[in-house]
Each structure stands twice: as structure tokens, then as C-alpha cells.
Amino acid sequence: MIFECDPARMRLVPGVGTAAACALAVVVMAGCSGGDATEDAKKPSASPTAVASEEKSEAPEVPATPEEDFDAMAMGSGFYFDGQGIGSASDAMKRYCELLGEPELEGMSPAQWLAEKELTKPDGEMVLQDGVDRFCPARAKTLKAAVDGTYERWFTDGTYEVGAGAEKIPPGTYRTTGALRDCYWERTSKSGEILDNHFATSAQTVRVTVRAGDGQFTTRSCGSWRPVR
């Protein structure tokens with residue numbers, strides 16, 4: 001602020017000359033101008049954004065749980081869990097872990113169930129491997145057998161072509177056990193002629209040998225046929 005001293009407009013202070021009065025007025029006005037306020041005005045005020053950023057930086061980040069990590073990974077994949085319903089993928093995977101501890105699943109060995117029903121789904125190996133590693137590492141051998149194809153194959157109701165490969169039954173001796181009711185099996189030639197068959201109204205165990213020259217093997221209501229080692 002600039003002060004101009006106009007002698008014509010100055011009221012003389014007794015005993016003080018015009019020049020001195022001007023100097024005194026300048027000093028008084030400068031003292032009343034609020035020096036502290038001027039210094040405060042020069043200080044930059046914190047913007048709302050800066051305050052928010054400071055508060056945000058002070059809040060520690062909470063790491064994701066294994067369940068949250070797995071759910072996000074499964075959601076980004078093409079895999080789906082049978083019977084998952086409205087539950088999370090991690091809940092479904094934990095249920096799968098329990099199922100893999102059962103002696104059989106839908107008439108198949110656990111490794112066979114994984115290989116023939118679950119690993120065939122999109123991203124099946126990736127999702128199941130991650131889930132087993134996180135929630136049931138004790139089932140790692142079962143999953144490895146399923147991935148490698150080194151599991152034992154069992155056969156339930158159906159007609160199977162005799163031979164090697166998927167959906168076929170290899171030649172060999174098989175046995176089924178349990179409370180069997182109305183169990184029927186038959187071996188047929190490649191042209192469909194019955195070579196041997198058997199019907200058991202009630203039985204606890206049944207054996208059959210499928211030969212290399214057979215064409216098909218058919219079974220109904222006999223449970224699971226397992227290879228006899």
C-alpha cells in the first residue's frame with residue numbers, strides 16, 4: 001500500500017511539523033495494516049484433495065484373504081463349480097475338497113471324477129490346482145493322478161466298446177461289490193452277438209473277465225466295476 005502525504009489535507013499536530021506529521025501517519029497506517037494477517041495470507045492453505053490424500057495414506061491396506069483371492073481368480077476364468085448355486089467359488093472349492101476325501105464319487109474314483117468331469121471344463125486344471133494348493137494340499141496326489149491320467153478307471157451303467165482310449169473298457173478282469181440287486185451284464189462280439197451274460201437278482205460280489213476279442217461290454221444296476229489287480 002502507498003501513502004501520499006498532502007500537506008493541504010493534513011491536520012497539524014501541535015508541536016509537529018508537516019513533514020513529521022506525514023511520517024507519523026505513514027508509521028501509524030503501516031502498524032494498523034495487520035502485518036500478521038499479511039503473513040498468514042502468504043501461507044498456502046491445504047486443499048481438500050491434499051487433506052484427503054494425507055488421510056488415505058495413513059490408512060493401512062488390508063491384504064486380501066485366500067478366499068477373496070480365489071474368488072477373484074475363479075470369476076475371471078471360464079470354470080464353473082457344479083452345485084455352486086449362490087455360494088462363492090471358495091465355498092464350492094472347499095466342498096470339493098471334502099468330496100475328494102470320499103472313497104468314490106458318482107461311481108468313479110476321486111481322481112477319475114476330477115479327470116473325466118472337472119478337468120474337461122474350461123480352465124479346469126488352473127482353478128482346481130489353485131484351489132487344492134490353498135484349501136486342501138492333502139489332495140494334491142489325487143489331482144496329480146487326474147492330470148497325469150494315472151488313475152484307476154471304474155465303469156458304471158452303460159455299454160462300452162472294448163479297447164484302449166476314452167469311453168472304452170480295456171480287456172481284463174473286473175469286480176463289483178455291495179448290496180447288488182438285479183445286476184445284469186453281458187459280453188458281445190463286434191457284431192453284437194452275446195458271448196456271455198449273467199443276471200443276479202441278489203448278490204454281494206460279481207466278477208467278469210472282458211476279453212481282447214470282445215466287441216462290447218454292457219452293464220446295468222451293478223454298481224461300479226473295478227479292475228482286479
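We count residues from 1, following the sequence as given.
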Evaluate the side-chain contact (heavy atoms from CB on, under 4.5 Å) criterion for residues F70 and T65: first the C-alpha distance (whole Å), next the side-chain angles of each, then the deciding distance (0.1 Å), finally the verdict. CA-CA 9 Å; F70 183 79; T65 65; over 6 Å; no

Treating Y160 as the side-chain partner and T156 as the backbone partner, does any N or O pair qualify as donor plus acceptor under 3.5 Å? yes

State, to 0.1 Å, how close D71 and A89 come at their nearest heavy-atom pair, and which atoms those are. OD1-N, 3.5 Å

To the nearest 0.5 Å, tell me how far E161 CD sits from I169 CD1. 11.5 Å

Between T177 and T205, do the side chains contain an N or O donor and an N or O acceptor separated by less than 3.5 Å? no

Test ring-ring contact (aromatic ring centres under 6.0 Å, His included) on Y96 and F135 and set out the steps. CA-CA 10 Å; Y96 272 37; F135 305 120; over 10 Å; no

Would you name the heavy atoms of D157 and C222 that are closest together and state the gap between them? OD1-N, 3.9 Å

Short side-chain to backbone donor-acceptor contact, T176 and S224, under 3.5 Å: yes

Do you know which of E118, Q112, E116, K117 makes side-chain contact (heavy atoms from CB on, under 4.5 Å) with L114? E118

Tell me, with the steps shown, if V127 and F81 meet side-chain contact (heavy atoms from CB on, under 4.5 Å). CA-CA 10 Å; V127 173; F81 288 92; 4.0 Å; yes

Is there a donor-acceptor pair under 3.5 Å between the side chain of D123 and the backbone N or O of G78? yes

Can a donor-acceptor pair be found between the side chains of S221 and D182 at a distance below 3.5 Å? no

Roughly how far apart are Q129 CD and K144 NZ, rounded to 0.5 Å? 10.5 Å

Please report the interatomic distance CD(E193) to CD(Q216), rounded to the nearest 0.5 Å. 11.0 Å

Would a distance-only check, ignoring hydrogens and angles, find a side-chain to backbone donor-acceptor pair under 3.5 Å from N197 to W185? no

Return the minimal non-hydrogen interatomic distance between L143 and L119, and the atom names on each side. CD1-CD2, 4.3 Å

Taken to the nearest 0.5 Å, the spacing of K190 NZ from L195 CG works out to 9.5 Å

Working to the nearest 0.5 angstrom, can you tell me the gap between R226 CZ and R175 CZ? 9.5 Å

Run L180 and Q204 through side-chain contact (heavy atoms from CB on, under 4.5 Å) and show every step you take. CA-CA 6 Å; L180 305 174; Q204 297 179 30; over 6 Å; no

Is E186 paired with R220 through a side-chain N to carboxylate O contact shorter than 4.0 Å? no

V206 and V210: same hydrophobic cluster, using ILVMFWY side-chain contacts below 4.5 Å? yes

So that I can tick it off, tell me whether D91 and R95 are bridged by a salt bridge, with the cut-off set at under 4.0 angstrom between side-chain N and carboxylate O. no

Can you list the residues that meet the side-chain hydrogen bond (donor to acceptor under 3.5 Å, both in side chains) rule with E67, with sequence neighbours excluded? K94

If the threshold is 4.0 Å, N to carboxylate O, is there a salt bridge linking D82 and K121? yes

Indicate if F79 and V132 have the same hydrophobic cluster label, given that clusters are the connected sets of ILVMFWY residues with side-chain heavy-atom separations under 4.5 angstrom. yes

Test V208 against H198 for side-chain contact (heavy atoms from CB on, under 4.5 Å), laying out the working first. CA-CA 9 Å; V208 62; H198 182 72; over 6 Å; no

Below 6.0 angstrom between ring centroids: does that apply to F217 and W225? yes

For A74 versus S77, what's the shortest heavy-atom pair and its separation? O-OG, 2.7 Å

With rounding to the nearest 0.5 Å, note down the distance linking CG in L100 to CG in L128. 8.5 Å

Minimum heavy-atom distance A146-A115, with the two atoms named: O-CB, 3.6 Å

Would a hydrophobic clustering, with Ile, Leu, Val, Met, Phe, Trp and Tyr connected at side-chain separations under 4.5 Å, put M108 with F155? no

Using a 4.5 Å cut-off on heavy atoms from C-beta on, say whether the side chain of K168 contacts that of V162. no

